[in-house]
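Everything below concerns the one structure shown next.
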Amino acid sequence: MATDQIARIRTYRYTMILMALAVVATIAAVRVITGADRISSPGTLRAAIIAACPILLAGIGGLWAERAGIVNIGLEGQMLLGTWGAAFFAYHHGPYVGLLGAAGMGLLGGLLHAVATVSFGVDHIISGVAINIISLGAIGFLAKSFFEDLEGGGPRNLSGYETLPNITVPGVSDAALSVAERNIFVVSDVAGAVAALTTRVSLLTVLVVVLVVGTAWLLWRTAFGLRLRSCGENPQAAETLGVDVYRYKYVAVMVSGAFAGLGGAYLTMVASSSFTVGQTGGRGYIGLAAMIFGNWRPSGVVAGSLMFGYTDGISLLPNNGPLVRSLLLLIAIFLLAYAVVKYRSTERVTAGVIAAIAVLLLVWFATTDAVPSAFTGMTPYVITLFVLAVAGARLRMPAADGKPYRRGGAG
Amino acid sequence: MTSIEVELRGIGKRFPGVIANHDVDLHIAPGSVHALIGENGAGKSTLMKILYGVQSADDGTISVDGREVTFDSPTDAIEAGIGMVFQHFMLADNLSVLENIVLGAEKRHGIGDRARAEIEKISGRFGFGLSPDVLVEKLGVADRQRVEILKVLYRGAQLIILDEPTAVLVPQEVDALFANLRELVADGCSVLFISHKLDEVLQIADRITVMRRGTTVGTADPATATKRELAELMVGSELPSPDTSESTVTDQVVLELAGVTVRGDGGRAVLSDVSLAVHRGEVVGIAGVEGNGQSELVEVVMGLQRCSAGTITLSGEDITDLSTRQVRDRGVGFVPEDRHRHGLVLDYPLWENRILGHQTSAPSVRGPFINARGARADAQRIVEEFDVRTPGIDTTARALSGGNQQKFIVGREMSGDPILLIASHPTRGVDVGAQAAIWDHIRAARRQGLGVLLVSADLDELIGLSDRLEVVLRGRLTARFDPGEVTASDLGAAMTGGADA
Amino acid sequence: MNQSSMLALSAFAAAIGFRMGLFNIGVEGQYIVAACAAGFFGGAGLVPGPLNILATLVVAVVAGGLYASIAGILKVTRGVSEVISAIMLNYIALTMAGYLVQRYGVESGLTFTTTPLPPSSQPLGFGVIAGAPDVWALTVVALAVGAGYWFLLSRTRFGFDLRVAGESPTAALASGVSVPRMVLISMALSGAIAGLVWMPAYFGSVQKFGIPENFQAGLGFTGLAVALLGRNRVVGIFFGAVLFAFLAAQSNGLQREGIAKEVVDITQGIVVLAVVVAYEVVRRRQAKAESERVARELATEREAVV
Amino acid sequence: ADDDEDTSAAEEVTCEPTQIEGDPRVALAYDVGGRGDQSFNDSAYAGLDQAVQEFGVEFAEGEASDNEDEAAREERLRGFAEDGFNTIIGVGFAYSESVNAVAPDYPDVAFAIIDGFDPDEDVNCNVAYLGFAENEGSFLVGAAAALQSETGQLGFVGGVNNALIQKFEAGFVAGAEAADPDVTVESTYIEQSDPKGFGDPAGGKAAADGLYASGADIVFHAAGGSGSGVFDAAVEAGQKAIGVDSDQFLTAGDAQKPTIITSMLKRVDTATYGFISSVVEGEPASSYTVFTLADDGVGYSTSGGFLTPETIAALEDYKAQIIAGDITVPEAP
Ligand SMILES: Nc1ncnc2c1ncn2[C@@H]1O[C@H](COP(=O)(O)OP(=O)(O)OP(=O)(O)O)[C@@H](O)[C@H]1O
Ligand SMILES: Nc1ncnc2c1ncn2[C@@H]1O[C@H](COP(=O)(O)OP(=O)(O)OP(=O)(O)O)[C@@H](O)[C@H]1O
Ligand SMILES: [Mg+2]
Ligand SMILES: [Mg+2]
């Protein structure tokens with residue numbers, strides 16, 4: 001049985017690798033066919049990574065909370081607190097303290113959420129919504145109180161603080177860049193990704209990777225993680241086994257807030273170098289969406305954030321009409337492939353619907369040269385919706401997620 | 001393994017308004033099976049939770065091996081060598097067997113391969129046959145229970161508390177469980193065992209303690225005690241029995257299933273080619289080990305599932321493709337298997353719960369509007385006729401005990417003169433008094449011509465109440481018995497496929 | 001007053017969702033779409049005079065309902081969480097509306113808007129307190145919706161089905177409620193009400209739609225908070241809407257007093273949180289008191305029997 | 001284009017100058033962001049400040065909230081009027097409707113709206129509409145960019161894709177092409193219609209990153225608060241950028257300063273100051289005033305010394321041509 005399991009995991013891994021290869025090849029093919037070189041250029045991918053990271057941080061934050069059974073829609077607010085924390089502490093004490101400050105502010109937001117939901121049993125959504133309102137007011141107030149008289153500051157903004165250093169891996173970066181420029185089928189696409197990952201990468205981006213991997217390890221490979229997850233699956237059971245559920249929930253929600261706060265720091269220290277009230281622009285919500293999209297798994301959250309970051313990055317590129325047009329082709333191809341899979345598993349109707357959509361996209365692709373800018377701006381949202389609609393039915397959230405829990409109710 | 005001796009003395013526990021335990025004395029000898037019996041609400045679970053540190057006692061002392069101890073949390077109890085399997089399983093479905101077991105005891109063998117080896121070792125020793133990496137959601141009840149016991153053993157417990165472990169098991173599984181328990185005792189463990197089922201208690205226990213209204217009222221020796229004596233100790237009166245007196249079966253078919261097949265996720269048939277008829281005035285009992293298709297059978301009749309083949313007719317009308325509401329509209333009452341999830345809206349008052357499932361029929365509604373007055377009056381009627389113990393119809397369903405909730409549901413489903421009642425485990429977890437009341441009502445309605453499709457895990461109930469028994473095994477009806485002639489063990493054998501019938 | 005009516009409408013839209021167990025965070029997008037549709041339709045003046053008002057309201061309701069249905073359909077057929085789909089739809093709505101107005105609207109100063117309402121279909125308002133700004137005529141819509149909401153939920157079968165489906169989907173299923181259908185209907189209903197959110201302002205003073213100047217965004221999110229504050233009850237919602245509108249209206253006054261206007265936001269959030277915490281504490285007390293009462297009465301009953 | 005028609009319509013009615021009572025007391029109603037936004041509102045404040053220094057007028061301020069409604073703006077204006085402020089300036093287009101609603105009730109208060117317009121047919125004699133020829137200023141910085149570009153590629157980042165910002169884009173492109181017909185300009189907008197495009201530095205940076213990556217070496221932004229992200233991108237790419245509204249070289253951080261070769265000036269301060277002084281002189285301005293290159297209402301900055309003397313000479317030449325009417329700068333791309 002155990003070997004069986006391992007064998008299955010192994011085939012699963014192979015399938016995943018094969019699929020990944022197929023995806024890369026398709027992208028390369030679309031690039032060559034449509035001539036939209038920027039589809040996998042290092043610049044585009046780099047923009048995608050930068051756009052993805054704050055969302056990823058929020059998403060992983062959401063993951064922490066929800067794995068412990070607390071829905072944290074206050075991510076947006078905690079992220080806002082993080083933007084202020086990063087700016088304030090970075091201004092006065094340098095970028096590293098700024099990071100801590102952002103995490104600390106987010107953590108405070110998380111603490112508030114934990115007090116409300118865990119100790120007082122308030123509905124998670126209500127508490128989250130309230131935290132978002134409070135946070136926006138609070139950072140507006142804090143900015144007005146603390147930034148107005150600073151040099152480079154104003155009542156709603158601050159700049160002129162030191163940010164985090166960038167890292168370029170010598171050699172690899174240049175090599176990858178030059179290969180990427182040569183437009184070789186598949187090779188250049190991969191090189192583009194390598195270049196994006198080795199050129200002018202912020203220290204915080206590296207930290208994000210560490211944090212994501214660390215989260216996956218901590219939550220799935222350690223006793224601590226097991227206990228934390230058990231609080232999201234069946235807190236009563238955890239309680240009967242001596243787990244202090246309140247404590248784990250508190251820790252989880254506070255860490256969640258801290259992650260969101262770091263997401264805010266990413267916005268004020270990497271994605272830009274200034275603070276503005278309300279600059280998160282809903283990225284906390286998007287992070288939540290990425291987490292649900294990612295089926296409450298770190299790898300899924302990464303995928304969701306990257307997809308979002310990629311489309312968002314593209315929507316900001318100049319002259320992106322043709323680029324988005326080539327995405328139409330790409331999606332149509334994936335849809336057709338998916339339709340075939342569905343057809344094979346006897347879901348004829350679904351397959352038909354998907355195929356029909358794919359054909360429509362192909363027609364659109366064939367009849368235009370460029371997608372109008374109003375639509376390119378919507379790309380991230382439309383594509384997320386689309387992907388969810390096509391593949392979103394298999395999601396499973398932690399069993400006790402969002403449910404109230406009271407100590408002593410076991411048995 | 002050395003066993004521990006546990007002694008509870010003068011335990012008292014008050015909840016606001018209720019005295020759940022008072023002056024409870026209990027002595028558990030090392031290396032024995034000790035049974036604790038008592039009717040619903042007698043205070044058994046509360047006592048066990050105190051012993052396991054989930055709740056703390058207001059009075060009294062606990063001593064282990066002669067030393068007085070206080071348990072502030074389960075952790076303390078676990079350390080003292082006590083483990084507990086709760087009445088409602090405490091498992092996380094989405095975690096693996098291994099994860100469920102090592103949770104909270106990660107220090108013992110980590111959460112990796114060492115733990116896996118240890119689990120396999122214990123599982124092997126007691127013949128549990130559990131594989132550590134399977135998700136718990138994939139397991140049946142019996143296996144889940146083994147996981148629960150494994151959890152306790154993994155922590156090195158020497159006293160294992162089992163709160164109503166047999167309620168959800170079929171006889172063969174009960175036997176297997178008892179075999180496991182005996183091995184455990186042979187290994188030096190003690191077992192504290194709670195049950196409502198007296199024959200089981202007599203069969204397994206070395207010592208019996210009876211609780212009534214929050215206190216221990218006596219002990220008995222299973223070698224000499226009889227069921228009758230125990231019952232009298234428990235309730236102060238005789239046990240009712242579900243015997244059906246005279247047959248009221250007619251030849252008018254109410255419900256007929258012809259070649260019904262239901263496919264579950266992934267296309268596997270969970271019900272194949274089932275044909276069955278229920279007549280007016282007839283109770284047809286469905287016996288089967290849980291997960292063999294009886295839930296699907298109920299759901300497909302109620303329109304909660306669709307069949308991929310076959311037809312269902314109700315009094316001659318084809319209802320195969322009708323919705324649940326349409327089926328109910330045609331006079332079908334439904335006592336669902338899980339009253340909390342399907343039978344009631346726990347936070348609604350009783351009178352609003354009266355409307356549930358009857359949103360289309362008088363007296364709870366008038367046209368498209370709710371008739372609050374009608375619903376209230378009828379809820380009051382149910383409370384009186386079915387002896388639902390509640391201060392009033394504005395009390396939320398949640399505040400009622402399980403037995404009273406169930407009586408209310410049965411009363412509701414029998415109102416409006418249904419022609420067919422689909423009853424799934426109508427008396428599960430209900431105390432003997434309420435059980436008898438529910439049986440009486442079903443019998444009375446049957447005399448009036450009600451057809452009943454009864455699914456139950458309680459074989460005595462099935463045999464006593466049914467006019468005909470069908471055995472469902474792996475989605476097929478495999479045997480048919482006359483309840484007047486069949487014994488529980490025959491039935492059990494048929495249910496597990498152990499006999500050719 | 002005028003603000004309260006819009007907040008209340010938005011809150012009712014959210015509350016319908018909440019009562020059904022749906023978190024319609026998409027009220028925001030739905031009322032944008034509806035406002036845009038209404039702006040184009042009302043401005044075109046296809047229907048003469050005051051009838052145009054009615055027709056425009058219908059258009060808004062239908063537009064909001066249809067837009068909300070997208071999330072409903074995705075949830076029912078594809079299992080997509082309404083929360084994410086609505087978040088996405090909010091962004092899409094804003095972008096789409098902006099695009100449409102710029103493409104098909106008329107220029108107005110530096111921005112584009114829809115054609116202003118013809119004078120014949122401008123129900124202005126009525127002065128309640130002398131000197132204070134007029135109360136918009138369509139604030140009555142909020143009252144009507146409030147009454148309808150109450151009646152629907154507590155007096156009709158449909159409302160009962162909806163509440164049960166929200167409270168316990170499993171019990172609803174067993175009682176014969178088609179939960180997916182309920183999801184679709186309540187989502188559409190929620191969107192339909194959302195469609196009305198901006199109508200009081202549209203007919204009351206703005207008379208054209210254009211983003212961002214000739215529109216008020218954010219009502220959807222605030223309405224959510226109001227619904228939560230009002231515990232989804234009619235009276236609570238009206239109270240919450242008035243409170244929030246009052247707080248927002250204090251912003252100018254506070255500034256003149258030298259108090260930062262952000263304090264208003266903070267206060268709003270804290271009020272919500274404090275009220276729900278208080279409510280939760282009271283609820284627990286009551287639940288405890290109730291089971292105590294049940295136990296006590298049963299105990300005396302039992303004693304009487306024994 | 002509409003502005004002109006409105007202006008002519010307004011001119012048909014002859015207005016008496018508003019007679020205010022007593023000394024001028026000035027109230028500034030800011031748009032969202034308020035004083036300290038390092039842009040529009042700040043610039044208005046600078047004009048006010050100058051007037052305060054010079055004339056010693058008394059003043060008050062008030063600021064808009066996010067997503068506030070029309071009534072809140074009106075209430076703000078009324079509040080000032082009731083408190084005895086007789087010179088009220090709405091900073092930003094958003095005040096057009098509210099001033100139009102409030103002004104008739106206070107005939108002896110002089111109103112002004114920066115970027116404003118009169119939304120209806122009734123002429124408001126006590127309101128001044130202070131507009132700017134952003135396209136003309138943008139033309140000059142476009143020309144400057146084209147003259148100093150090494151790659152021959154320029155970029156434009158707009159905050160929100162609306163008519164106002166397109167005016168900047170149109171002028172910029174026209175100027176660049178006038179100076180060097182071979183130059184290419186790529187444009188991108190952070191948001192299509194969501195106003196958050198003006199407060200999203202991360203978006204600004206990503207957008208500018210894309211432009212620099214595709215070969216642009218000078219990027220002009222009209223993206224409000226998001227512009228700081230554009231400068232960040234310039235710093236990282238080692239390229240140049242052009243600021244907007246005020247001389248952003250003066251307010252930017254030390255790291256960003258070297259990238260800002262010039263800024264397109266929209267002299268909200270001049271307009272504000274001018275309006276206040278017209279009140280002080282007893283003849284409050286009314287009707288439409290468009291501040292153009294001719295009256296230094298728009299322009300370009302030279303701080304930092306990045307513009308070469310040749311460039312400056314060329315710009316002055318263009319400026320003269322525009323003022324003379326020899327060049328007409330388009331308003332829409
Ligand atoms: N947490 C609690 N709060 C208030 N009262 C409680 C609580 N738990 C139990 N009770 C009360 O204590 C009494 C004893 O309950 P307990 O669960 O111990 O009974 P039991 O003997 O296990 O019954 P059953 O056979 O139904 O499991 C109940 O009648 C109930 O009224
Ligand atoms: N956590 C609790 N808080 C308050 N009262 C409780 C609690 N748990 C149980 N009770 C009370 O205990 C009584 C019996 O509950 P319990 O669930 O033990 O009933 P039951 O007959 O054992 O039903 P079931 O078989 O479904 O467990 C009820 O009256 C209920 O009010
Ligand atoms: Mg019980
Ligand atoms: Mg019990």
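Every chain is numbered from 1, with letters handed out A, B, ... down the list of sequences.
Panel note: side chain A/R227, backbone B/G104; a donor-acceptor pair is recorded below 3.5 Å.
Only the backbone of A/R221 comes within less than 4.5 Å of a heavy atom in chain B; its side chain stays farther off. Looking at B/E137, only its side chain comes within 4.5 Å of chain A, counting heavy atoms on both sides. For A/A238, the parts lying under 4.5 angstrom from a heavy atom of chain B are both the backbone and the side chain. B/N100 touches chain A through its backbone: at least one of N, CA, C or O sits under 4.5 Å from a heavy atom, while the side chain does not. Neither the backbone nor the side chain of B/K107 comes within less than 4.5 Å of any heavy atom of chain A.
Remark: A/R247 CZ is loosely packed, at most 12 non-hydrogen atoms of other residues, nucleotides or ligands lying under 6.0 Å away. Dense packing is recorded around OH of A/Y246, with more than 12 heavy atoms of other residues, nucleotides or ligands lying under 6.0 Å away.
Counting heavy-atom pairs closer than 4.5 Å to chain A, the top-ranked of the candidates B/V102, B/L91, B/D93, B/I78 is B/L91. In terms of heavy-atom pairs under 4.5 angstrom with chain A, the leader among B/E106, B/M84, B/M48 is B/E106.
Smallest separation of non-hydrogen atoms from B/L103 and A/S230: CD2-CB, 3.3 Å. Closest non-hydrogen pair, A/G242 versus B/P74, comes out as N-CB, 4.1 Å.
In this structure, B/L95 CG and A/L226 CG are separated by 6.5 Å, a value rounded to the nearest 0.5 Å. Rounded to the nearest 0.5 angstrom, A/T240 OG1 and B/E148 CD are separated by 7.0 Å.
Residues A/E239 and B/M90 are not in side-chain contact: their nearest non-hydrogen atoms beyond the backbone lie 4.5 Å or more apart.
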